[in-house]
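Every heavy atom of this structure was used, including side-chain atoms; hydrogens, water molecules and symmetry mates were not. Lettering of chains follows the sequences in order, A, B, ..., and the numbering in each one begins at 1. Fair warning: this is a prediction, and the values are worked out from it, not measured in the lab.
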Amino acid sequence: MKPSIPKGTRDFSPTQVAKRTYIMDTIKHHFSCFGFQAIETPSFEKSETLMGKYGEEGDRLIFKILNSGDYLKKATDAFLTSKDSQKLTTQISEKALRYDLTVPFARYVVQHQNDITFPFKRFQIQPVWRADRPQKGRFREFYQCDADVVGSTSLLQEVELVQLYDSVFSSLQLKGCVIKMNNRKILSGIAQVIGAQDKLIDFTVALDKLDKIGADGVKKEMLEKGIAQDAITKVQPLFNMQGTAKEQLESLKSLLASSQIGMQGIQELEFIVTNVSALALKTASLAIDVTLARGLNYYTGAIFEVSAPNDVSMGSIGGGGRYDDLTGIFGLKDVSGVGISFGLDRIYLVLEELGLFPETTAASTDVLFFNFGETQALAAMKAIKKLRSNGVSAELYPDIASNQKKERKQLTYAERKGIPYVVLIKDPQIQDNTYTIKNMHTGDKQLVSLENLIKIFN
RNA sequence: GUGGUUGUAGCUCAGUUGGUUAGAGCGCUGGUUUGUGGUACCAGAGGUCGCCGGUUCGAACCCGGUCUUCCACCCCA
């Protein structure tokens, strides 16, 4: 059997892990800096926790876990014979791999509400799974890095989260990211004004495709979904929203004047935009995008999406928004939450494409000790012990170099692993506590004491 | 879930209109040279041509299915 891994999953080599750790550490650092604390939740949840939270499409993409034991025993014969997969699934599967980190977090908040001090700011960096078909920047197992605040309706949280995005992208030297914002209330307002409340999802999904299929394509899709022609004519101004955030907000105000909820959305957006610009961003930019409709399923207020720099062909590298009712589903009402997510794997691809990983991420062993025999190896181990306790990463080549060929092998090992120095203890009569250290780069050798050896690395 | 694409030695790929023992480079192993590596040279090992089935006297090459890769749609990080 040829070894392989399932579709949409990946192995990570030492260098790749180093780079991923670099991104993760950066994100973690800023999460902590903003006052978020880490939690972790199980990789799989009860199906009922996840199902129905992400829309019909989402349910299809959730990996279901087969029950243990003789799981078909409990199945209804009728479902089996009629091959009704959907009904059968609920009978033979009671667990599922988490699809995102937000819903499990909502479950966590409700379950542990008595131990939580609100507002609760948590961050979570864990893999999630989606039974999607892989393509560029899309995997079936990938990491999300989420920061959420629950228990406060203050819009200052949104302002903070925009700052957080900016801080992380600044640290990563990733210039040109655009934090796009919209508000679910604005979308509701638009639907209200044009009398298409019942078609809200179809309407926003179509609108979301504006930059992809153009105004005509959007109109066509809206018509196909049964949205009236005169309604489409009314939203015409949306198709060519131009200008600054302020200008866009003004034109929205005239469009949504008759909608209370729409006006509220505009006010919220205005508050966030005003405060963010007063605080200023370092590298990212904030933009209003009324066509943004992401995560519609549980978002109720602000919606965020971060698009990668223009010169990179990558979709969104982050997203988020405010959800007022998510904990309500699990029995805790009136706890509003807002959060953002960083797509680790996509950020990785973007940094790779732009060559933005620092050289130092590939750090390896500082020094390799050659192994010329048992006595020498023991002497080496003693020196290594000292070095390690001084914070120097050192290792001994495990096999003895009994001939020239094998010596070469040890050198090659050091070279391939990028180890900058090797130490040679060749003399079996090791008495004088001196070591020959060789610089792999220059080939220079020098005789030093253990004290000086340690100094070289400090 | 829909449409297309890819799959040949460890890796990157050749392989002509289906025809006898399937090739290259890199890597690997052994050796020579370099007298503690990164050079050069010599030799060698390694492939059920993704898998299953079909067409054919004969298939890596044609057909079907399946898995995998990548891409687009759907949707999304």
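- A:Y413 and A:Y397 have perpendicular rings, their planes meeting at more than 60° on a 0 to 90° scale where under 30° would count as parallel.
- When heavy atoms are screened at a 4.0 angstrom cut-off, A:K209 is found touching the sugar-phosphate backbone but no base atom.
- Within the nucleic acid shown, A:G8 comes within 4.0 Å of sugar-phosphate atoms alone, with no base atom in reach, counting heavy atoms only.
- For the pair A:K136 and B:A72, the criterion of a side-chain N or O lying under 4.0 Å from OP1 or OP2 is not met.
- An OP1 or OP2 oxygen of B:C28 is reached within less than 4.0 angstrom by a side-chain nitrogen or oxygen of A:R416.
- The distance between the ring centers of A:F63 and A:Y99 does not fall below 6.0 angstrom.
- Rounded to whole angstrom, the span from the CG atom of A:D211 across to the P atom of B:C75 amounts to 13 Å.
- With hydrogens and angles left out, the side-chain atoms of A:Q91 and A:T76 include a donor and acceptor closer than 3.5 Å.
- Among the protein residues, A:Y413 comes within range of no part of the nucleic acid, since none of its heavy atoms lies under 4.0 Å from any strand.
- Between A:R20 and A:D345 there is a salt bridge, since a side-chain N of the basic residue sits under 4.0 Å from a carboxylate O of the acidic one.
- Across all strands, A:G58 comes closer than 4.0 Å to no nucleic acid atom at all (heavy-atom distances).
- Within 4.0 Å (heavy atoms only), A:D132 reaches at least one base atom of the nucleic acid.
- For A:L61, the side-chain atoms get nearest to B:C75 when compared with the rest of B:C76, B:U29, B:C75.
- Residues from residues 140-149 of chain A with heavy atoms under 4.0 angstrom of RNA chain B, sorted by number: A:F142, A:Q144.
- When each of B:C73, B:U2, B:A77 is scored by its nearest atom to the side-chain atoms of A:S316, the top-ranked nucleotide is B:A77.
- At a threshold of 4.0 angstrom between heavy atoms, the contacts of A:Q135 include nucleobase atoms, whether or not backbone atoms are also involved.
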